[in-house]
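Remember, it's 1-based here, ligands and their atoms both numbered in the order they're listed. Everything numeric here is computed off the predicted structure, so don't read it as measured data. Values below: every heavy atom of this structure, side chains too, minus hydrogens, waters and symmetry copies.
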Amino acid sequence: MRWSRSLLATLRDDPQEAEIVSHKLMVRAGLIRKLSGGLYTFMPLGLRALHKVSRIVREEMDRAGAQEILMPALQPAELWERSGRLATMGPGMFRLKDRAERLMALGPTHEEVVTELLAGEVSSYRQLPCTVYQIQTKFRDEIRPRFGLMRAKEFIMKDAYSFDTSLEAADVSYQAMFDAYVRIFRRCGLDARPVEADTGDIGGKWSHEFMVLADSGEDGIVDCPACGYAANQERAERADVPAADPECPPPAAVATPGARTIDDLTAFFGCTAERFIKTLIYLADGKPIAALVPGDRDLNEHKLKRLLNVKQLALADEATIENVTGAPVGFAGPVGLAIPVYADRALRGAADRTTGANKADTHLTHVALARDAAISAFDDLVVAGPGDACPRCGKPMQLKRGIEVGHVFKLGTKYTESFEASFLTDKGQSELMVMGCYGIGVTRTLQAVIEQSHDADGIVWPISVAPYAVSLLLLDPKDPTVCAVVDALEQALAARGIDVLVDDREERPGVKFKDADLIGCPIRVVVGAKGLAKGGVEIKLRTSKDVAVVPAERASVAIAEQAAALAAALDT
Ligand code: ATP
Ligand code: MG
């Protein structure tokens, strides 16, 4: 492609709203343009890179035996009612009505549509296993669309769904997708690692997220350097290390006027936060319960929700708290509370702690939890963090940040039950198909590549997903000899299947060099009158400072060799 005839425009300044480097670079390098919050147009260069990511995804899905289909983005809401998710998806799902007033949804995901489809198509065990996938636009009304393509309202996802005759067979399908994901991200030049993950709204039994480590990542990852355990912070467990406090005298009420928070209390009592027990009142499917965590820890609502096995969990409102504890907010405590109380298991054996007294402006000291309060269950209820003991090996764990680029789930029969998606076994019995689902954020993956691979001058594309393999800088566009060399080189490279962006603009060389670095194609080739007189064409890799000068007639071979070496390094 010739730059002078393209829509390509680079920008010198960062877009105002861009907070992370990959977002800034995507806009500055002319890959995307914003329509409005969470909505972006792919410009020619961005679309080329996106197509390369999609192609890798497609090749690996096909290789893993999945079949490509394409389902409608517009879905009747009735399907979502059947799975029970119309209520639980909440305002994150775009809803609209057709002219007959039928409620519709713009698909945020496709479990409902695909299960309905397979329920109709599959009748016998002979048709299974079956994995289908699509690469398609998804819609989610995100609370905070941001970071460019990372969290958009409309984005492209590859979603795959496996259907099997048994849990064991479903494990095989899951593993095939897991392995395909490892290859996809590696081929994209991404360092993405699988971590254990929460199953969230999609539901199901087990899941892994593929995380690209980056400081700008929205997810916390707790990992153990000693044994390799790694999990999303939403799910991460920690070893059971109960408190072993010595015995203490009976509880004593202490006036603590206005001291509601842990900070207030540490100042008031002059001791560390862990000596306090936080009491949080929740409504679990509408019923009040109390959850206790050490004063220096945060409660993990995912864990509490799993323990209680409820659909809805939310912090109680002020009126409920006053009603349940008999005290204003800030003075709740477990002693004498008439609702079920659940405590983090680090509090098993906790004694001589301070809690709220269920009385205004009052706390209780010398609380021995098991002695003084009725605890329904001790369980792992806090957000795991750095320094916590690994649940596998007991060594201290660390906290990192990551971008979720892919997610694989074992769903079991959650959806096949709702849609009566069954098959006949070899003995003629009817059984439900066992499902898995597998997503890759294709557009997010593209941006994650940039987040992980850039320098101060711009993007550093892995060749597999670069918009063009080669930036060919034509330094003297008015010099016919130089133009002839560039024309011949462009054709020779095209014949070898190497795509080239020719910068033929009437611009100073400095501008072209800067833009080539910003756009970040892996191989930069410079053709100018001076260079040709001195011996040929300059070839330089984006990742290196070394410049090789090659006679013009040998240039296409030399470039092809470089391109092949770069590609081979990614395809191991
Ligand atoms: P997140 O936790 O980041 O909101 P999710 O867990 O809701 O994502 P999934 O339902 O697992 O997302 O979707 C599969 C993949 O789609 C994710 O791994 C991610 O790469 C991508 N994705 C999800 N939401 C968005 C979004 N708003 N914009 C871009 N990509 C997204
Ligand atoms: Mg996910």
- prompt: Among the heavy atoms of Thr109, does any lie under 4.0 Å from an atom of ligand 1?
  reply: no

- line: Judged by heavy atoms only, the candidate from His407, Met157, Glu234 nearest atom 13 (O) of ligand 1 is Met157

- prompt: Where the closest heavy atom to atom 3 (O) of ligand 1 is concerned, which of Lys158, Arg151, Gln447, Glu404 has it?
  reply: Arg151

message: Heavy-atom pairs closer than 4.0 Å: do any link ligand 1 to the side chain of Lys138, the backbone, both, or neither?
response: neither

Proximal ligand 1 atoms for Glu142, defined as those under 4.0 Å from one of its heavy atoms: 24 (N), 26 (C), 27 (N)

task: Decide whether the shortest distance between a heavy atom of Leu149 and an atom of ligand 1 is less than 4.0 Å.
output: yes

Considering only N, O or S atoms of His407, the one closest to the Mg ion (ligand 2): ND1

task: Ignoring hydrogens, just give me the one of Glu209, Arg140, Glu154 whose non-hydrogen atom is nearest atom 9 (P) of ligand 1.
output: Arg140

query: Does the side chain of Gln175 come under 3.5 Å of the side chain of Asp171 through a donor N or O and an acceptor N or O?
result: no

- prompt: Within 45 degrees of the axis of the six-membered ring of Phe155 and under 6.0 Å from its centre: does Lys138 put its NZ or CZ there?
  reply: no

query: Does any N, O or S atom in Glu209 come within less than 2.8 Å of the Mg ion (ligand 2)?
result: no

message: Is Glu218 close enough to touch ligand 1? Criterion: a residue heavy atom under 4.0 Å from a ligand atom.
response: no

- prompt: What N/O/S atom of Glu404 gets nearest to the Mg ion (ligand 2)?
  reply: OE2

